[in-house]
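The structure appears below as structure tokens.
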Amino acid sequence: MQHHHHDHSNQSGSAAEPDAPRTPKQEQEDATTDVTEVAPGILRTQLPISMPGLGHVNCYVLEDERGIAVVDPGLPGPESWDHLVDRLGRAGFAVADVHTVVVTHSHPDHFGGAMRLQHESGADIVTHESFRTIFDTSELDDDEDSEALDVNSPDDRAAAMERYFAQPSPWGGRRAGPSPEFMERMRTAGSMFTTPRPTQPLVDGQVIKLARREWVAMHTPGHTYDHLCLFDPEFGVMLTGDHVLPTITPHISGLTPNADPLAQFFDSLHRMNGVDGVSIALPAHGHPFEDLGGRAEHIIEHHEDRLDIIRTASHDLPNGTVGDFMRVLFRERSWGEMAESETYAHLEHLRELGEMQRSFDEGFAHYATVD
Ligand SMILES: [Zn+2]
Ligand SMILES: [Zn+2]
């Protein structure tokens with residue numbers, strides 16, 4: 001799957017470092033059928049996903065007098081759906097109990113089950129107001145009321161994907177496009193791959209009541225522009241989605257309409273560090289953890305280190321392309337569009353800081369240090 005990615009390759013250093021056997025990361029663990037209460041009225045369940053470096057997505061179940069809200073209900077498709085129904089059953093609930101689906105951001109392992117839940121139980125869909133996937137064809141509908149439902153057909157989605165991947169990357173060169181596995185999943189998932197249309201789009205600071213208490217919406221752009229965290233000040237619970245994960249660093253894509261996604265990510269991480277009274281962080285992958293501020297700082301340092309590697313490398317690569325810098329930043333097994341995209345985000349950040357300048361030669365971006 002090409003657009004949802006976490007970067008697991010860059011935990012320690014550069015491409016020059018030989019591959020050593022690494023301890024499996026907790027985000028890689030296979031999904032279990034366990035149902036664990038991780039905070040009052042909040043249950044952790046896990047749904048299987050199979051992506052590089054990820055073995056499960058946490059689907060949290062938030063209980064209240066009206067039924068339940070679920071957070072990030074897994075991938076599209078019947079297989080994941082069956083697991084979701086199974087986990088809800090183990091927690092003592094049925095699909096009909098779901099009154100709300102929270103989707104932390106626009107990646108398929110997070111939004112996949114949302115539309116079917118809405119369809120079967122009438123659940124509200126809560127996202128940040130900027131929620132938008134690359135499959136979203138809603139800009140094609142001039143008239144929201146007319147054929148809006150048909151626009152999200154498999155053909156339209158395929159066309160949207162083709163348009164998306166037909167564009168050259170902003171740093172030059174051809175896009176790899178989605179994998180055959182991804183296209184197959186999209187085809188077999190059929191209408192379940194429709195883009196969720198949020199019924200409760202939240203803005204930063206807005207309050208929503210779930211699990212018998214009030215949560216504050218925190219817009220945390222970085223991993224995706226539309227990323228949403230929810231904070232419950234009463235019990236100190238933070239739903240962190242993919243913004244802050246316990247042991248891997250979330251992928252930062254350079255492919256965004258925003259000039260400097262890395263700067264936004266830094267801001268969003270600093271915000272995590274600034275929240276008082278966090279007792280537990282509930283990530284979308286991996287185990288719940290306590291030191292949210294410390295983890296956020298660690299991720300900031302990781303990216304600062306990467307920026308330093310680029311600064312140093314730029315002396316040997318006086319007019320390097322994104323690909324040149326990627327080969328310095330990433331191990332060979334990670335080379336590819338994803339690594340290029342993240343490298344591009346770092347180079348553009350240095351350009352925004354005024355440390356590097358960019359020129360184009362035969363369609364490829366080149367970066368040079370500003371003296
Ligand atoms: Zn994600
Ligand atoms: Zn994820």
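All ligand and atom numbering here is 1-based and tracks the order in the structure. These numbers come from the heavy atoms of this one structure, side chains and all, not from hydrogens, waters or symmetry mates. Nothing here was measured: the structure is a model prediction, and the numbers come from that model. Residues take their numbers from the sequence shown, with the count starting at 1.
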**Report entry** Minimum-distance atom from the Zn ion (ligand 1) among N, O or S atoms of His107
**Finding:** ND1
Requested in this report: State whether a side-chain donor-acceptor pair under 3.5 Å links His56 with Glu29.
Outcome: no
Query raised in the report: Taking the six-membered ring for Trp, are His105 and His110 ring centroids under 6.0 Å apart?
Result: yes
Query raised in the report: the Zn ion (ligand 1) to His105: any N/O/S contact under 2.8 Å?
Result: yes
Query raised in the report: Are Asp86 and Arg90 close enough for a salt bridge, meaning some N to O gap below 4.0 Å?
Result: yes
Report task. Have a look at His223 and say which of its N, O or S atoms is nearest the Zn ion (ligand 1). Result -> NE2
Query raised in the report: Do NZ/NE/NH1/NH2 and the carboxylate oxygens of Asp232 and Arg213 come within less than 4.0 Å?
Result: yes
Query raised in the report: How wide is the angle at the Zn ion (ligand 2) between NE2 of His110 and OD2 of Asp242, to the nearest 10°?
Result: 90°
Requested in this report: Tell me, please, if His227 has any N/O/S atom, main chain or side chain, under 2.8 Å from the Zn ion (ligand 1)?
Outcome: no
**Report entry** Minimum-distance pair of heavy atoms, taken over all atoms of Ala96 and Ser121
**Finding:** CA-CB, 4.1 Å
Query raised in the report: Are any N, O or S atoms from His285 nearer to the Zn ion (ligand 2) than 2.8 Å?
Result: yes
